[in-house]
Amino acid sequence: MRYWLMKSEPDEVAFDDVLAAPGKTVSWFGVRNYQARNFMRDQMQPGDGVLFYHSSCAVPGIAGIAEVVGAPYPDASQFETDRKYADPKATPEAPRWISVDVRAVAQGRYLPLTELRTVPQLQDMVLLQKGSRLSVSPVTRGEWECILALAGV
DNA sequence: GCCAACGTTGGC
DNA sequence: GCCAACGTTGGC
């Protein structure tokens with residue numbers, strides 16, 4: 001069992017959208033970074049914990065708790081010609097990018113990035129490191145438990 | 001395989 | 001909109 005933080009722009013997919021989705025489950029698409037992809041491909045397992053993070057918005061922060069459902073599969077958006085997530089070098093025979101399904105589990109108190117930065121136990125979080133831009137990053141068990149406690153989950 | 005130029009991320 | 005930090009591209 002591992003834990004992850006996954007960044008989503010709420011204008012695109014907010015945690016509320018996951019809660020409202022059928023089965024509270026959405027496809028996590030649009031990852032276009034090899035390191036993030038490799039985490040998804042090589043280390044994610046069904047049941048892994050996910051911190052659902054809102055980025056590029058007025059108050060960035062952790063919006064909810066989710067879990068990985070099922071195995072990775074090719075990200076359909078890479079084949080959508082001339083669209084935002086299109087990758088001309090990807091083909092159905094040789095897909096380059098993958099998706100996983102993510103299900104909302106709990107919604108606690110919203111935890112703004114500014115608050116996370118003040119918590120001593122979270123100092124080493126990948127998210128909080130200078131220049132960190134990874135859209136999928138590992139979270140330790142200690143960080144996970146600290147955040148769930150802060151969120152009141 | 002180096003590395004400069006360029007593109008992207010994402011907080012502020 | 002700015003800009004620091006990082007990733008990717010492509011000429012050599």
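- For A/Tyr85 and A/Arg32, the side-chain atoms include no donor-acceptor pair closer than 3.5 Å.
- If you walk DNA chain C from 5' to 3' and mark each nucleotide with an atom closer than 4.0 Å to a heavy atom of chain A, the marks span C/dA5 to C/dT8.
- The ring of A/Trp97 has its center closer than 6.0 angstrom to the ring center of A/Tyr34.
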Atom pairs and distances, side-chain donor-acceptor, residues 14-22 of chain A, under 3.5 Å, sequence neighbours left out:
residue: A/Asp16; atom: OD1; partner: A/Gln107; partner atom: NE2; Å: 3.4
residue: A/Asp17; atom: OD2; partner: A/Ala14; partner atom: N; Å: 2.8

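- Proximity of a side-chain donor or acceptor of A/Glu115 to a complementary backbone N or O of A/Pro112 within less than 3.5 Å is not detected.
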### Query
When you look at A/Gln78 and A/Arg96, which way does the side chain to side chain donor-acceptor pair (under 3.5 Å) test go after all the steps?
CA-CA 8 Å; A/Gln78 68 193 301; A/Arg96 177 174 294 201; over 6 Å; no

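- Note that the two end axes of the helix from B/dG1-C/dC12 to B/dC12-C/dG1 enclose an angle of 10°, each drawn from 5 base pairs, rounded to 10 degrees.
- A/Arg37 places no side-chain N or O within donor-acceptor distance of the main-chain N or O of A/Ile98, the cut-off being under 3.5 Å.
- Without hydrogens or angle criteria, A/Ser8 side chain to A/His54 main chain gives no donor-acceptor distance under 3.5 Å.
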